[in-house]
Structure formats: C-alpha cells, structure tokens
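The structure appears below as structure tokens.
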Protein chains: 2
Amino acid sequence: MIDSIHAYNARMATKGGKQTLSDDVRARLRADILSGRLLPGYRLKFPTLSARYDVSVSVLREALVRLAEQGLVQSEPHQGFLVTPLSRENLTELTEARIELETLVLRRSVTEGDLAWESQLVAAHHTLERTPYTAQGDDDRVDDCWSVAHADFHKALLDGCANRRLLQMALGLRDEAELYRRWSQPLGDEPSRDLAGEHRALLDAALARDPQASADALCTHVRHTTELLLSAADRLDQQRAPSS
Amino acid sequence: MIDSIHAYNARMATKGGKQTLSDDVRARLRADILSGRLLPGYRLKFPTLSARYDVSVSVLREALVRLAEQGLVQSEPHQGFLVTPLSRENLTELTEARIELETLVLRRSVTEGDLAWESQLVAAHHTLERTPYTAQGDDDRVDDCWSVAHADFHKALLDGCANRRLLQMALGLRDEAELYRRWSQPLGDEPSRDLAGEHRALLDAALARDPQASADALCTHVRHTTELLLSAADRLDQQRAPSS
DNA sequence: CGATCACAAACTTTCGAAACTCTATTGACT
DNA sequence: AGTCAATAGAGTTTCGAAAGTTTGTGATCG
C-alpha cells in the first residue's frame with residue numbers, strides 16, 4: 001500500500017501529472033500483483049477495488065483490460081477479472097517461451113549493444129551484487145530491493161537489443177514469470193544455489209560479447225529457477241496432502 | 001490470455017453468442033482496420049465511432065484499449081486513438097521480429113505437429129491454391145477471399161507449435177503486418193512473383209518435417225514481401241514529389 | 001505586421017447510476 | 001429426501017452526462 005502510494009507520487013512528480021488516471025491505476029495494480037499484495041487466483045471485484053484505489057469502475061475496467069491483454073490478470077466474460085492463477089502447465093509453457101525469446105533477444109543485445117548499454121549493465125550488476133538477498137532481521141523473506149535490482153539487471157542485459165518490439169515481448173514474459181518467483185519465496189530455503197555466480201557468468205559473457213555463452217548462461221539460469229519453483233510446488237502439495 | 005481465449009471459444013461454441021458488447025465491437029474494429037475501411041494514421045474520434053457502431057464511449061474505449069495493447073491502434077494520452085500509422089522503420093522492425101519469431105514457431109510446429117495438424121495444413125493449402133488471387137472483373141485489387149485463405153494457410157503452418165504463448169505472439173505480429181499488405185495492394189503490379197511456388201515450397205518443407213528448410217522458405221517469403229512493400233512505398237513517394 | 005493571451009469549440013476522460021447477468025438460497029412439489 | 005423453479009443478492013457491463021484537456025480562433029498589444 002505504502003509502496004503504491006510512493007510509486008504514485010513518483011509518477012506524478014516525473015511526468016507532471018500528464019498521464020491519465022487509468023495509466024496510473026494500471027501501474028498500481030501491476031505493482032500490487034507483482035509484489036504479492038494481490039494473490040494469484042484472487043477475484044478482482046469492482047466494488048472492492050473501487051474503494052481501494054478510489055476511482056470509478058470505468059477506470060478500473062480500462063486498467064484491468066490492459067493487464068489482461070498482457071497476461072497478468074484474466075478476464076471471464078460476465079464474471080469479471082482475476083489475478084492469473086499459478087499452475088505447473090502455465091509455468092512450464094512460460095519458461096519454454098522465455099528461454100526461446102529471452103535468449104534470442106540476449107544474443108541480439110550482446111551483438112548490437114553500444115557503450116552506453118555496457119555501462120548501464122555494469123552499473124546494474126554492481127547494484128545487484130551489493131544488495132543483500134534477504135532483508136535484515138527476516139531471513140526467509142527476499143528483500144524487495146533485491147527483487148528490483150534483479151529485475152533491473154536482467155532488463156539491462158536485454159536492453160542492447162535494437163528491436164524494441166522483441167525486447168518488449170521478452171520483458172512482458174519476464175513480468176509474468178515474476179509472479180511465480182514471488183510465490184515461491186515463502187516456501188523458502190533455496191537449496192544452496194550460487195545465484196551471484198550465475199549473474200557474474202551472465203555479465204562476463206555479455207561483456208565478452210559472446211552470444212552463445214550468454215545465451216547458454218541465461219538458459220541455465222532460467223531453467224534452474226523453474227526447477228526450483230516446481231520442486232517447491234511439489235513440497236507444498238505434499239504438505240497439504242500428507243497421506244491419503 | 002491463452003486460457004481466456006480458450007474459455008471464450010468454448011463459451012461461443014456452447015452458449016452461442018453470449019460475449020460482451022465490447023468483444024463484439026473490438027472484432028468489428030479489427031476487421032475494419034485490417035480490411036482497410038479505416039486508414040492507417042486516421043484519428044478515431046469517439047463521437048464518430050459511437051454513431052458508426054451504435055455503442056457508448058465506454059465500450060469503444062475498452063475495445064480500443066485492447067487493440068492498442070495489440071498494436072493495431074495507438075493511444076495518445078488526452079488525444080485519443082489513431083490507427084497505427086505506417087512507416088518504413090516500423091515495417092523494418094516488424095519484419096525483423098516476424099522473421100525471428102515466426103521461424104522459431106515454425107520450427108517447433110513442423111517438429112511437434114501431429115497428424116491432425118498435417119491434415120489441416122494440406123486442406124488450407126488446397127483452399128489457397130484454388131482461390132483466385134484477384135477478384136474477377138477487378139484485376140488490380142486482391143480478393144478478400146484470397147487474403148483470408150492466405151492468412152489461414154500461414155496460421156495452419158504455425159498451428160502445430162504446442163506452446164500456445166509463442167504461437168499467439170507470432171500470430172499477433174502477422175496481424176500487424178497484414179496492415180501493410182493491405183495498403184500496398186492498390187499500388188499493384190507485383191513484379192512477376194511466384195507466390196504459389198513459395199507457398200508450395202513452404203508446404204513441402206513442412207510436410208517433410210524439415211525445420212531448417214521450412215524456416216528458410218518462410219524467411220525468404222517474408223523478406224520478399226517486405227522488399228516489395230518498401231519499393232512500392234518508394235514509388236509512391238516519387239509520385240508525390242516528382243521534382244523538387 | 002507579428003506575437004501573445006483569452007476564449008470557445010471539440011473531444012477525451014471520468015463518474016455514478018441504470019440495465020443486465022450470474023450465483024446461491026429458499027420453498028414447493030414429486 | 002431429492003429435484004427443480006423462483007427469487008433475492010452481488011457483481012458486471014453499458015450508458016449518458018459532467019468534468020477536464022487540447023486545439024483553433026480572434027482580439028489586443030507591442
């Protein structure tokens with residue numbers, strides 16, 4: 001809630017209030033979904049949301065329609081909207097699509113990226129490296145700052161791709177995947193994983209301008225993440241149905 | 001997104017036309033744009049459209065927002081919507097993206113497609129082959145039936161891809177490209193081009209389950225089309241500014 | 001003559017309520 | 001008891017108008 005208010009103010013400050021209300025609400029909804037304040041599968045009722053964001057249904061509809069087109073929420077005719085539910089099939093399909101598209105864009109990025117791209121990438125990696133994974137005092141909850149730094153690093157990786165259309169599609173898929181990352185976090189205890197190492201490998205391959213090595217590193221990174229999520233889901237299922 | 005499309009189709013099949021007004025208007029707008037009844041760059045004013053489709057602004061907004069997310073129209077805050085204007089840069093970027101994504105999906109399709117896919121593909125090709133390119137009595141205007149058959153054939157080609165997400169993205173790009181095809185048609189006189197031969201080559205490579213050959217054939221096909229469009233645009237520019 | 005400001009017209013965006021659709025519950029009937 | 005129909009309640013979709021923004025016009029001043 002606080003965060004979304006901050007995001008709101010920031011937006012207002014930078015763009016000088018020139019956006020439409022709908023843009024703003026869409027951004028706040030997106031943030032609330034990605035950060036886990038709105039749960040996957042949750043039904044998004046207009047009366048509730050209307051009170052929460054203090055806008056009319058028209059504005060909400062417009063925002064939701066856009067998020068639906070993007071895949072973050074789903075629309076059922078005459079039954080409204082719901083946050084896209086998580087499922088193994090969806091995660092598997094999403095991961096497959098991400099690997100294809102993201103590696104494609106990354107290859108282009110490391111080939112086409114200029115000096116400004118390189119510099120931004122180095123900066124993003126530096127930030128990520130120095131941001132603690134877990135917030136202090138709460139060891140099994142990933143820090144929001146780290147999530148932001150992580151997303152920024154991956155965006156910086158791809159950002160060299162001159163074809164904005166391909167880039168946007170790849171980023172859209174990353175957004176959807178972020179939903180799953182969020183929800184696996186409380187399941188906690190990643191088996192010893194060298195995340196920093198994987199990111200370092202990505203950075204090195206990119207700076208070396210090696211498309212193949214970059215793509216391989218990214219593929220490993222994404223696959224690894226998905227495997228952990230799937231096994232976490234399995235564990236959760238077992239907890240729910242201990243013996244039948 | 002995929003799921004909601006499935007849900008939508010299921011609903012249509014079972015319930016018989018119970019979609020929302022907005023869905024309907026979106027489809028009509030999309031058809032009007034792709035068929036050239038609404039020109040690229042044309043400003044879409046609410047009062048006009050409201051009268052044309054006999055609906056209120058709310059449903060128009062919703063339909064337009066969805067088309068904007070899809071790329072067929074653009075939205076300028078506080079200045080409404082316009083049909084996405086044509087430009088060389090946009091066409092070039094679009095073509096590049098299409099080649100990457102469509103070949104990717106086609107490779108998967110010819111690898112994963114089952115017998116039903118094969119059969120549908122053969123059927124689509126047969127229809128296309130027997131549909132005349134130009135309507136009778138009007139030699140320099142491509143027949144609408146042919147356009148439909150052409151789109152169906154290309155969709156059938158890609159439809160074997162099991163990953164619906166990748167498939168939908170590829171089809172979305174094809175939709176946008178269709179805008180350009182429509183507008184090059186009145187410029188007419190395609191230099192002697194063996195379109196039927198290119199389609200036959202695509203069919204053969206696909207049925208032979210040869211991913212590389214299929215991708216190559218598609219790449220040639222798409223590149224060729226874009227080159228013709230670009231040269232047609234050049235000719236048009238020269239006509240407009242004969243000597244300065 | 002040119003620039004600037006105020007004003008008006010046209011349009012976009014947002015709102016609140018009316019119309020309509022789904023869901024769950026109650027009550028009647030077999 | 002079990003099934004089905006009617007109905008009330010909750011929620012979604014659509015509408016028409018109010019509020020707000022941009023654009024074009026014309027008058028005033030330098």
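Chain letters run A, B, ... following the sequence lines, proteins first and then strands; every chain starts at 1.
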- Item | Nearest-angstrom distance from the residue atom CD of B/Q79 to C1' of C/dC11 | 11 Å
- Rounded to the nearest angstrom, tell me the gap between atom CG in B/L49 and atom C1' in C/dT12. 13 Å
- Message: Return whichever of B/F46 or B/S58 has its heavy-atom-nearest nucleotide of DNA chain C closer to the 5' end.
- Response: B/F46
- Minimum-distance nucleotide (side-chain atoms of B/R43 versus C/dC11, D/dT14, C/dT13): C/dC11
- Task: Answer yes or no: does atom OH of B/Y42 have more than 12 heavy-atom neighbours from other residues, nucleotides or ligands under 6.0 Å?
- Result: no
- Would you mind telling me which residue lines up with the more 5' stretch of DNA chain C, A/D54 or B/P47, judged by nearest nucleotide? B/P47
- Message: Can you confirm whether more than 12 heavy atoms, excluding those of B/R88, are under 6.0 Å from its CZ atom?
- Response: yes
- Roughly how many Å is it from CZ in B/R61 to C1' in C/dT12, rounded to a whole number? 7 Å
- Report which part of the nucleic acid A/L64 touches: base, sugar-phosphate, or nothing (heavy-atom distance under 4.0 Å, all strands). nothing
- With no hydrogens and no angle check, is any side-chain donor or acceptor of A/W117 less than 3.5 Å from a backbone partner on A/A156? yes
- Item | Separation of atom CG in A/D23 from atom C1' in C/dT12, rounded to whole Å | 13 Å
- Item | Separation of atom CG in A/L82 from atom P in D/dG11, rounded to whole Å | 15 Å
- Task: Classify the nucleic acid contact of A/L60 as base, sugar-phosphate or nothing, counting any heavy atom under 4.0 Å across all strands shown.
- Result: nothing
- For atom CD of A/E76 and atom C1' of C/dC22, their distance in whole Å: 13 Å
- Note on the structure: Assert: residue with more 5' nearest nucleotide on DNA chain D, out of A/T48 and B/V57, is A/T48
- Item | Between D/dT13 (P) and B/L21 (CG): distance, integer Å | 12 Å
- Message: Parallel, tilted or perpendicular: which one describes the rings of A/H154 and A/H150, with boundaries at 30° and 60°?
- Response: perpendicular
- Message: Given 3.5 Å as the limit, does a donor-acceptor pair link the side chain of A/R182 with the main chain of A/L34, or not?
- Response: yes
- Item | Distance, rounded to the nearest Å, where A/Y53 contributes OH and C/dC15 contributes C1' | 19 Å
